[in-house]
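Scope of the values below: all heavy atoms of this structure, side chains included, with no hydrogens, waters or symmetry mates. This structure is a prediction, so every number in the text was calculated from the model and none was measured. Letters A, B, ... are given to chains in the order of the sequence lines, protein chains preceding strands, and every chain is numbered from 1.
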Amino acid sequence: MASHRASRLLEPFARRLRLSNRAPPRWGPVQRRAAAGFSSPAHSAEPMFRADAPHLEGMNDEQIAAIVAPVAPMKVLAGPGSGKTRVLVGRVTHLINELGVPPSHILCITFTNKAAREMRERLVASVGEENARQITAGTFHSVASRMLRKHVHLLDGYGRGNDFVIYDEADTKSIIRKIMVDVFMEDKKKADPALAKSRISAAKSAVDACVGMDGRRMARALCDTRPSLKRDPYIRDQFPRLYDEYEANLRSSNALDFDDLLSAAVALLRTSEEARLFYRQRWRHVLVDEFQDTSLSQYELIRALAAETARVFVVGDVDQAIYSWRGAEVANIRTKFDSDFAGAGTVLLTKNYRSTATIVKAAQAVIGESRDRSPLELDAVRPGGKDVAVVATEDEIEEADFAAREAARAARSGVPLKDIAVLYRTHSQSRPLEEAFIRAGVPHVVVGDTAFYTRKEIKDLVAYLRVLFNSRDTVSLQRIINTPPRKIGPGTLEKLEAWAAGLPWVDGMPQPLGMALLDRTWSTPDQDDLLPPAADMGLAAGAYKAVSGFVSVMRELGEAVEVSDPGALTEEVVRRIGFEEYVADMENGDERVGYVKELVSIASDPSAVESLDGVDGGGAAGGGDNGATKRKSTGHAGLGEFLEGISLLMSAETRSEDEGADAVKLMTLHAAKGLEFDTVLITGCEDELIPFKRGDASSDAAEHDEEVRLFYVGLTRAKRKLFLCRAFKRQRFGRTVYADPSPFLEVIRESLVGGKPPQARRAGMGINPAEDDANTDESPRRAALGSDSLAEHLRRTTGAKAATGGSPAFRKYAAGESGGYAKANAWKRRMNSAREGGGGGVLGGRRGTREAMGEDDPEAAARRAARRASKGSSRDATRATKPRATGVAGAAGGPRAAPRRSRGKIE
DNA sequence: TCTAGAGTTATTTTT
DNA sequence: TAACTCTAGA
Ligand SMILES: Nc1ncnc2c1ncn2[C@@H]1O[C@H](COP(=O)(O)OP(=O)(O)OP(=O)(O)O)[C@@H](O)[C@H]1O
């Protein structure tokens, strides 16, 4: 039985394989143009390639060495902009065009969906549409999910069916909250599922495959990686139980969380001969981008897929490792790869083709602040000019206005909007930016914005679809059973649960309520009553009627599933449950109705799930029926694909028209990894924001280094022009917080202009103070707050030592010693703690701030004094002096409002 | 069961 | 500040 299935699944591959066995013509003689940085793998096979092959054109020797290296484990280590991704694409092209590898045998793994999409574009350009379509390119999670969708039933005792759902953060937290309240009797109010979830997640990524491990085992694993937790009584006493309850819940709901996707895929490959055989045949060549950010389970997935076949090619840069907080291990690329993949070769690339020399120099200076960096050199190929500007503004609103204006200016001078990015450390910074872009009428896209799918009306609607797809999904059922209100309150729900608990168990578990209600598991096949008699369910007549109503709607919708594509089905759901009327009645009803329509249109649009098809590569992971051109998939499978898409692809802007849209991209520094833009503006270059410092936690050296790397990643996204923006003050928690410049700014300044005073800078070294920008602004204030006053501010607040040699000061600061930036920090601490204390302290604190600021900018001090005198709230005062004639009100309904992410299709 | 008003909470970073 | 949750009262 099993082997029959296997051979059926493998059949298409066998066919392709036969086809591809014809050797490609015209292989040239072996040429070894490349030597530098190329350590030959143990294999003695010589690289074979045509020196004139188009995909090698313009490549340097090291790049070619990597691309044409013999098929054997290979890793490419190189700094930003050195062409790692380009080499990876070149390698794929080489495999297909020169070695005759069928594209469907190639698996390309990236870290984010954006990167996957970009990779796909590059592949299309290099190997053509048809070939690219057959390559599997996706994130670890999407690839793992696809594997499980096909084969999870082969995981013995795992209790999941192929119609599993993926629980997102909100879903898992709601489960945990429930456990905390029901099992641990915690106060509903106090319970903090976030911490517990992060512990569970950390434990799961600390282990190569959590499948089958119980809570105690997981607790031990967690303590092994985080020794500080060993003495934590919570981990010892509660965590194991919590974990087991959590797992039981997911299992009963036929659900997996994000970490489970990876673990289960690893377990699948380890335990199932059939699956192992299948995927090793399927993906004979595995290539991984950004390998430095792989976690243990991701690494194990690669190993399980490719360790024996040894056809693995990874690229990465330890200096760009920015995900250790979620379990990424640099050791994977540093050492483990070499020891696990025998005879692994290494190629180093050291030329930066992306950025101008000035930008590279600034970036190198910053990464130099990391203690644990790669010894790799990075030489800029492009000459440098005045490409780096430091800009200081009064607050985040001005900063945002500046960014919008600068983007518009760049666009006017010919830079495509989509080649401009505004980066920030935290999502919360995106809001004023977005408002400014709307005000300025500059088209923009907020990338990685999950807001759409976390909206209540969208979650509700998706929950309907999920229950229709998988009736065991208890979290979703609880969401929808009384939404819109249909008189099934908590009391009724409790009775229903009691009823379901009394039904015969299925698969060794009590029946989830959804299954009991919707799958008629209580009935014998020939009965066709909607539900058992009311008395059997312990319900009063009214409640019984309400429940019957719900069940009958769901039954009918369930029948619609098989004949509808996701769009039509969603529309049908909306119609049957009167969702639009329900939503319209809530506040902001019109807007919400718009979002509902948006979801329908996303569901209807086959290209909305484009990257999912891509993951499938038109190949076997999706079943035997494909290879056909893209079409709407109907039925259960189509619904599953759609649901998977919205769980896995975090952002709504996966639709092609948004992706390709000519719009400025707003995103976090993390999200920008691997991308490049002509012009980059990094906002919030302030101490404690970059590098980020959380109020409570004391940051250790490793965390600081990661902040350094993150900023480094941000800097190196810029090809031609880089703006570093900071604001003197910023609203946080509704309070005004004053901030010093990021210490990294001083590092950059010093590297580009040396320890010279600000005046010398203007004479025209690397930094362009952007004074013009300031002066052409309608607000004359910015001139006063340009980078000159910034430098002045830096010099004074960090002391003379820093002024003549910022770096020693920085080192002290980083080491936590006093004398460096500690002075400035003490100043700020005083400010903030003064504000914390009651009334009088507030005033005193503010005054102190102004004085301190006033020292370096008399004009600003005068302005503040005027504001103080005006006695308004600080916000009003700010507004009064702001060039906001076109303010929020004007922009809100403005016809030229920029295309925001989630509304694109509403018209 | 629903609502309005009070009260509290929030901000790293992502799949 | 603003967005969300909870509670009391209808
Ligand atoms: N040999 C080359 N000649 C010209 N341009 C090149 C060459 N190699 C790479 N580039 C260009 O340099 C830029 C950076 O390449 P790529 O994105 O592949 O770098 P990367 O190493 O992946 O960067 P990162 O680590 O920042 O993701 C791209 O625009 C690419 O086209």
Side-chain angles (χ1 to χ4, degrees), chain A residues 109-116 138-145 166-169 172 177 187-192 194 197-198 201 204-205 256-263 290 293-295 297-298 321-328 396 423-432 447-451 454-456 482 484-492 542-543 546 585-588 644-651 667-673 684 688-697 699 703 706-707 709-711 713-714 730-737 873-876 878:
Chain A
I109 297 188
T110 57
F111 216 63
T112 64
N113 297 299
K114 270 185 303 299
T139 64
F140 277 102
H141 292 270
S142 57
V143 169
S145 171
I166 300 166
Y167 273 178
D168 65 18
E169 205 64 12
T172 53
R177 165 165 268 124
D187 185 3
K188 216 179 212 155
K189 251 183 113 174
K190 257 205 70 208
D192 177 19
K197 176 65 214 292
S198 78
S201 184
K204 283 185 175 180
S205 31
L256 298 170
D257 66 20
F258 282 117
D259 304 300
D260 290 336
L261 291 173
L262 303 171
S263 281
E290 311 280 12
D293 277 320
T294 49
S295 66
S297 43
Q298 290 166 337
I322 54 175
Y323 283 100
S324 73
W325 52 272
R326 78 175 217 207
E396 75 276 15
L423 310 181
Y424 36 82
R425 180 60 232 263
T426 68
H427 277 302
S428 58
Q429 291 167 253
S430 70
R431 192 133 143 210
V447 176
D449 185 0
T450 59
T454 54
R455 300 188 63 87
K456 182 185 180 317
N482 200 32
R486 48 173 76 91
K487 300 202 163 28
I488 304 179
T492 307
D585 266 0
M586 303 195 278
E587 71 222 277
N588 297 336
E644 180 169 294
I646 56 187
S647 321
L648 238 36
L649 300 157
M650 279 229 339
S651 60
M667 67 181 104
T668 62
L669 288 164
H670 282 88
K673 189 177 70 162
E688 309 213 334
L689 200 50
I690 302 176
F692 191 87
K693 188 152 152 260
R694 247 172 88 158
D696 47 342
S699 62
E703 276 170 32
E706 184 144 309
E707 293 294 316
R709 292 193 295 266
L710 181 60
F711 193 53
V713 166
R730 193 175 286 278
Q731 296 292 122
R732 239 181 154 182
F733 301 106
R735 298 251 156 263
T736 302
V737 176
S873 79
S874 81
R875 193 159 168 273
D876 289 344
T878 305

Tell me what Glu706(A) touches on the nucleic acid: a base, only sugar-phosphate, or nothing, going by heavy atoms under 4.0 Å. nothing

Within this structure, what is the CG-to-P distance between Leu648(A) and dT14(B), rounded to whole angstrom? 16 Å

Among the nucleotides dA3(C), dT13(B), dT11(B), whichever has the atom closest to the side chain of Phe733(A) is dT11(B)

Taking everything shown except Lys487(A) itself, do over 12 heavy atoms lie less than 6.0 Å from its NZ? no

His427(A) vs dT14(B): side-chain N/O to OP1/OP2 distance below 4.0 Å: yes

For residues Ser647(A) and Glu644(A), is any side-chain donor paired with an opposing acceptor at under 3.5 Å? no

Between atom CG in Leu256(A) and atom P in dT15(B), what is the gap in whole Å? 18 Å

Taken to the nearest whole Å, NZ/Lys673(A) to P/dT15(B) is 10 Å

Locate the shortest heavy-atom distance separating Leu648(A) from Asn113(A); write the atom from each residue and the value. O-ND2, 3.4 Å

So Tyr323(A) and Phe111(A), would you call those rings parallel, tilted or perpendicular, with 30° and 60° as cut-offs? tilted

Looking at the base of dT13(B), is there any donor atom on it, or on the side chain of Arg326(A), that sits under 3.5 Å from an acceptor on the other one? no

Both Ile488(A) and Ser428(A) contact DNA chain B. Which one's nearest nucleotide lies toward the 5' end? Ile488(A)

Stacking check Trp325(A) vs dT13(B) (5.5 Å / 30 deg): yes

Would you mind telling me which of dT15(B), dC2(B), dT12(B) lies closest to the side-chain atoms of Pro485(A)? dC2(B)

Between Phe692(A) (CZ) and dT12(B) (P), how many Å, whole number? 5 Å

With nearest nucleotides of DNA chain B determined for Pro490(A) and Thr668(A) from heavy-atom distances, which residue corresponds to the more 5′ nucleotide? Pro490(A)

Residues Leu423(A) and Thr668(A): closest non-hydrogen pair is CD2-O, 4.3 Å

With the side chain of Phe258(A) defined as its heavy atoms from C-beta on, choose the nearest nucleotide among dT12(B), dT15(B), dT1(B). dT15(B)

Using the P atom in both, what is the distance from dC6(C) to dT11(B), to the nearest Å? 16 Å

Lys693(A) NZ to dT11(B) C1', straight-line distance once rounded to whole Å: 15 Å

Just the rounded figure in Å: distance from P of dC2(B) to CZ of Arg486(A). 12 Å

For Leu710(A) and dT12(B), give me the distance from atom CG to atom C1', rounded to whole Å. 10 Å

Could you work out which one of dT15(B), dT11(B), dT14(B) sits closest to the side chain of Ala671(A)? dT14(B)

Tell me which nucleotide among dT14(B), dT15(B), dA2(C) gets nearest to the side chain of Arg431(A). dA2(C)

Mind checking Phe140(A) for me? I need base, sugar-phosphate or nothing, with any heavy atom below 4.0 Å counting as a touch. nothing

Spacing of Glu290(A) atom CD relative to dT15(B) atom P, expressed in whole Å: 12 Å

What closest approach, in Å, do Val713(A) and Lys673(A) show between heavy atoms, and which atom pair accounts for it? CG1-CA, 3.9 Å

